[in-house]
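Structure record follows, encoded as structure tokens.
Treat the numbers as computed from the prediction; the structure is a model and nothing was measured. Order of appearance sets the numbers: ligands from 1, and atoms from 1 within every ligand. In this chain, residues are counted from 1 in sequence order.
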Amino acid sequence: MKILANDGLDQSGIDALTEKGFEVITTKIPQELLVDYINENNIRTVLVRSATQIRKDLIDACPSIEIIGRGGVGMDNIDVDYARSKNIHVINTPSASSESVAELVFAHLFSGARFLPDSNRKMPVIGDSEFAKLKKCYEKGIELRGKTIGIIGMGRIGQEVARIALGLGMRVIAADSNVGRASIKVKFYNNQFINVDIETEPLEGVLKHADFITLHVPAQKDGYMIGEEAFALMKEGVAIVNCSRGGVIDEEALVAALNSGKVAFAGLDVFMNEPTPSKEILNHPKISLTPHTGASTVEAQDRIGLSLAEQICSILQVY
Ligand SMILES: NC(=O)c1ccc[n+]([C@@H]2O[C@H](COP(=O)([O-])OP(=O)(O)OC[C@H]3O[C@@H](n4cnc5c(N)ncnc54)[C@H](O)[C@@H]3O)[C@@H](O)[C@H]2O)c1
């Protein structure tokens, strides 16, 4: 009953599994030593986040594996179909982090709207000597209320973004290749709520009419979703946030659009060359940056740990 959580596991998951008699190992085993470690320790369940790769050759070399679990959503680091063809259970936690990712979108939007990425860099350096000059630089901040947010990908996270945006008093427009209408329940702290139906529309309309654009689609098989042509359709001074997957935006086209002023600011949590994003992106004054921390909240990690533990116990029928 040994479980290797190679990219870590929240204490909630460790506790729930240990209570049921599992041994949870959270030592990080380097990728090249994984096969030997799994075989020597007769590991039946391997849990990963996005760092550890579970590819066909590892699956073939480790016949003890019965369950592969991904703490999070995207399973690009796992050969899912191949594993399932070998009767291995592949599980993930699709909903556990949606609210946290959606909140990070607004952290980027509020930051960019008030020039925080640049201000946070310059204040420590010249905040005491050139205070008035900096104040002048950042005098044209904007509010989000009353503006139009365009959500591309109206799945779990897109709908959480819509919920927050509606609560803020924003107009929400959305595009999705599968979801035609989403019924959004906007919940208030006192248990009151309102339901708002949002009909999706073609991508082009969203690109043309949004003041803020946020991307919530999976990695696209046919390349970038947002490149030069898509930027050309957008409003002057639009802002864009990508908390989905790195390759969804063409970073070169993004930098060009930022430099020309077409895009006022961007927020990026994901990058084309993770974990070594381009220096041009990292140093750009109009980009608010986070190192793929969309799901990195105490609450999301707690839900992820519990969800993995529940699924493992259910598959292995340990009650
Ligand atoms: N930043 C992070 O830490 C973090 C955390 C969790 C998830 N994510 C990523 O966020 C993204 C969205 O996750 P989710 O849970 O909302 O997924 P989801 O599957 O619930 O929603 C994705 C939506 O995108 C739509 N879609 C796919 N391709 C499209 C296209 N070409 N045009 C229009 N719509 C399209 C789908 O129909 C679906 O409704 C994924 O890429 C996921 O990997 C990032």
Practice item. May I ask you to check whether over 12 heavy atoms, not counting those of E229, lie within 6.0 Å of atom CD? Key: no
Check your understanding: Can you tell which of V217, D176, V161 makes a side chain to side chain contact (heavy atoms under 4.5 Å, CB included) with M154?
Key -> D176
Review point. Would you say Y189 has more than 12 foreign heavy atoms packed within less than 6.0 Å of its OH?
Key: no
Point to revise | N6 side-chain N/O to T52 backbone N/O, donor-acceptor pair under 3.5 Å | key: no
Check your understanding: For S98, is the nearest heavy atom under 4.0 Å from an atom of ligand 1?
Key -> no
Check your understanding: How far apart are the closest heavy atoms of A83 and I59, and which atoms are they?
Key -> CB-CD1, 3.7 Å
Study note, to complete from the structure: atom 44 (C) of ligand 1: of G294, G246, C243, the nearest heavy atom sits on C243
Check your understanding: Touching ligand 1 at all, I152? Heavy atoms, strictly under 4.0 Å?
Key -> no
Review point. Can the positive tip of K187 be found less than 6.0 Å from the middle of the six-membered ring of F193, inside 45° of the ring normal?
Key: no
Point to revise | Test applied, salt bridge (Lys or Arg N to Asp or Glu O under 4.0 Å); reference residue, D79; option that passes from K56, R55, R84 | key: R55
Practice item. For ligand 1, indicate whether the residue V217 contacts it via side chain, backbone, both or neither (heavy-atom separation under 4.0 Å). Key: both
Check your understanding: Any idea which of H216, R245, M75 brings a heavy atom closest to atom 24 (O) of ligand 1?
Key -> H216
Check your understanding: Based purely on interatomic distance, does D269 place a nitrogen or oxygen under 3.5 Å from a nitrogen or oxygen of ligand 1?
Key -> yes
Review point. Please state which protein non-hydrogen atom is closest to atom 21 (O) of ligand 1 and give its distance, to 0.1 Å?
Key: G155 CA, 3.3 Å
Exercise for review: Give the residue, atom name and distance (to 0.1 Å) of the protein heavy atom nearest atom 23 (C) of ligand 1.
Suggested key: D176 OD2, 3.6 Å
Practice item. Under 4.0 Å, heavy atoms only, figure out whether ligand 1 is touched by the backbone of V179, its side chain, both or neither. Key: side chain
Point to revise | Student check: side-chain heavy atoms of T290 and H108 closer than 4.5 Å | key: yes
**Study point:** Neighbour count above 12 (heavy atom, 6.0 Å) for E139 CD
**Key:** yes
Exercise for review: Measure the distance from atom 34 (N) of ligand 1 to every protein heavy atom, then report the residue, atom name and distance (to 0.1 Å) of the closest one.
Suggested key: S177 N, 3.1 Å
Review point. In the protein, which heavy atom is nearest to atom 9 (C) of ligand 1, and how far is it?
Key: S244 O, 3.6 Å
Revision key, fill the gap. For atom 20 (O) of ligand 1, the closest protein heavy atom turns out to be R156 N, 2.9 Å
Check your understanding: Near V101, which atoms of ligand 1 are under 4.0 Å from a heavy atom of that residue?
Key -> 4 (C), 5 (C), 6 (C)
Point to revise | N178: numbered ligand 1 atoms lying under 4.0 Å from its heavy atoms | key: 37 (O)
Check your understanding: For atom 27 (C) of ligand 1, what's the nearest protein heavy atom and its distance?
Key -> P218 CD, 3.4 Å
**Study point:** Atom pair CG (N195) and CD1 (I184), whose distance is rounded to the nearest 0.5 Å
**Key:** 9.0 Å
Review point. For atom 7 (C) of ligand 1, which protein heavy atom lies nearest, and how many Å away is it?
Key: I157 CD1, 3.4 Å
Study note, to complete from the structure: Closest non-hydrogen contact found for V35 with L58 is CG2-CG, 4.1 Å
Check your understanding: Would a 4.5 Å heavy-atom cut-off, applied to side chains only, mark F271 and I281 as touching?
Key -> yes
Review point. Should we say atom CD of E66 is surrounded by more than 12 heavy atoms from elsewhere, each under 6.0 Å from it?
Key: yes
Review point. Using heavy atoms and a threshold below 4.0 Å, how should the contact between S97 and ligand 1 be classified: side chain, backbone, both, or neither?
Key: side chain
Exercise for review: Can you figure out which of M154, M225, R49, H292 has its heavy atom closest to atom 32 (N) of ligand 1?
Suggested key: M225
Revision key, fill the gap. heavy-atom search around atom 31 (N) of ligand 1 in the protein gives Q220 OE1, 2.8 Å
Practice item. Just jot down the ligand 1 atoms closer than 4.0 angstrom to any heavy atom of V73, in number order. Key: 6 (C), 7 (C), 15 (O)
Study note, to complete from the structure: For A295, the ligand 1 atoms with a heavy-atom partner under 4.0 Å come out as 3 (O)
